[in-house]
Amino acid sequence: MSSNTAHKLVKIVYFDEESVSDILDIAAGGKEVATQEQTRERAAQIEANAAAKAAAKFNWLPFFGGSAEAGAAASATALGRSILSKTLSNTILTDYLGKVDTLEGVSELKEVEVSARDGSAAYMKMYTPYMAMMKTDDLPLNLAELDSALESAKGYYELVGSRPDSPKVILRFNIRAFRNSYGLVDLSRMDLVFHCVKVGKAFEESLSMAEEMSSEASDPDEPVTARGLMGRESPGSVRESLDVYDVLLAGVEYVA
């Protein structure tokens, strides 16, 4: 990992803070717990201050009585939780960027073009929001509910990454870790740098939903057999296993 890369990031598109928090805790041998507790205490104080200000803001509406106070309290609580969440998230991000050069096992991938394999869950997830707007009277499934069903069924979505003069890779994204309202479909339109952890190997063909639901899914380390060539693969083809990476962060770098 380049020692200056992390500090050139000008836009964060994706950040899996739970995974990063685990990595920081492991690297620190548990020493980060005290810092996190201090951060929570500071954020809790900010939350309390926000609640007081919000309550005071609405107290001048006596004719609403208890409803105004209840509404103010609810608004203050929501605001406080938002501030707390953002404070903790930004603290983890700042800590990570300051220590990423010393973290073992974290790789940086650049010049990667990502795409969803046809028939994969990621491919479906990209387009179900648009499909929900289609007329569905003649279809056997409810497209409006398909998007939420996909999100419930699968937490990580895989995209295929192609790099110049390098083998393809499979990048896995936590669907809840996108920031600033970005999503899977936006990744293919941006020049991004990816911070990743290698977690295993898989065949590109295994990304299809039919393959995922099959009880005969192949192990990427399993040798090619005559049965495999005759059944699941076209004759003469040899599937190549690809490195699989869990993405910790995806962002845009400043280029002078």
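Separation of atoms CD (E113) and CG (L187) is listed at 13.0 Å; rounding is to 0.5 Å. With rounding to the nearest 0.5 angstrom, the CZ atom of R179 is 8.5 Å from the CG atom of L249. Distance check, rounded to the nearest 0.5 Å: CD of E211 to OG of S206 gives 6.0 Å. Here the straight-line distance linking atom CG of L207 with atom CG of D118 works out to 11.5 Å at 0.5 Å rounding. In this structure, L109 CG and S166 OG are separated by 9.0 Å, a value rounded to the nearest 0.5 Å. Here F203 contributes atom CZ and S208 contributes atom OG; the two are 13.0 Å apart, rounded to the nearest 0.5 Å.
In plain terms, the two heavy atoms of A250 and L192 that are nearest each other are CB-CD1, 4.5 Å. Scanning all heavy atoms of the two residues, the minimum distance from D186 to S181 falls at OD2-O, 4.5 Å. Nearest approach of E158 to A122, heavy atoms of both residues: O-CB, 3.3 Å. Minimum interatomic distance between P164 and E111 (heavy atoms only, all atoms of both residues): CD-O, 3.3 Å.
Judged by distance alone, the side chain of S19 and the main-chain N or O of D16 form no donor-acceptor pair under 3.5 Å. Judged purely by atom type and a 3.5 angstrom limit, S120 uses its side chain to pair as donor or acceptor with the backbone of R117. The backbone N or O of I12 lies less than 3.5 Å from a partner atom in the side chain of N180, making a donor-acceptor pair.
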Carefully, step by step, assess F194 and L171 under the rule side-chain contact (heavy atoms from CB on, under 4.5 Å). CA-CA 9 Å; F194 299 94; L171 301 181; 4.3 Å; yes
Give the intermediate values and the outcome of side-chain contact (heavy atoms from CB on, under 4.5 Å) for residues T94 and I92. CA-CA 6 Å; T94 302; I92 295 172; over 6 Å; no
Begin from the C-alpha positions of E253 and K110 and carry the test salt bridge (charged side-chain N to carboxylate O under 4.0 Å, His left out) through to its verdict. CA-CA 10 Å; E253 284 187 346; K110 292 185 176 183; 3.4 Å; yes
Begin with the C-alpha distance, continue with both residues' side-chain angles, and end with the deciding distance and a verdict on side-chain contact (heavy atoms from CB on, under 4.5 Å) for V193 and V252. CA-CA 6 Å; V193 57; V252 179; over 6 Å; no
Residues F178, L184; criterion side-chain contact (heavy atoms from CB on, under 4.5 Å); working and verdict: CA-CA 8 Å; F178 284 95; L184 285 170; 3.9 Å; yes
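Put simply, L159 and Y156 are part of two different groups of oily side chains (I, L, V, M, F, W, Y) that touch within less than 4.5 Å, one to the next.
Aromatic ring pairs are classed by plane angle as parallel below 30°, tilted from 30° to 60° and perpendicular above 60°; the pair F15 and Y96 is tilted.
Residues satisfying the salt bridge (charged side-chain N to carboxylate O under 4.0 Å, His left out) criterion with D243, sequence neighbours excluded, are K198, K201. In terms of the salt bridge (charged side-chain N to carboxylate O under 4.0 Å, His left out) criterion, E205 has no residue partners (sequence neighbours excluded).
Residue L103 is tested with I23, V20, V197 for a side chain to side chain contact (heavy atoms under 4.5 Å, CB included); the sole match is I23.
Atom CG of D22 is surrounded by more than 12 heavy atoms from other residues, nucleotides or ligands within 6.0 Å.
Ring centroid separation for the pair Y14 and Y182 does not come in under the 6.0 Å cut-off.
For the pair L93 and D95, the minimum side-chain heavy-atom distance is 4.5 Å or more. Side-chain contact between V244 and R172: present, with at least one pair of heavy atoms (C-beta onward) separated by less than 4.5 Å. For the pair H195 and V100, the minimum side-chain heavy-atom distance is below 4.5 Å.
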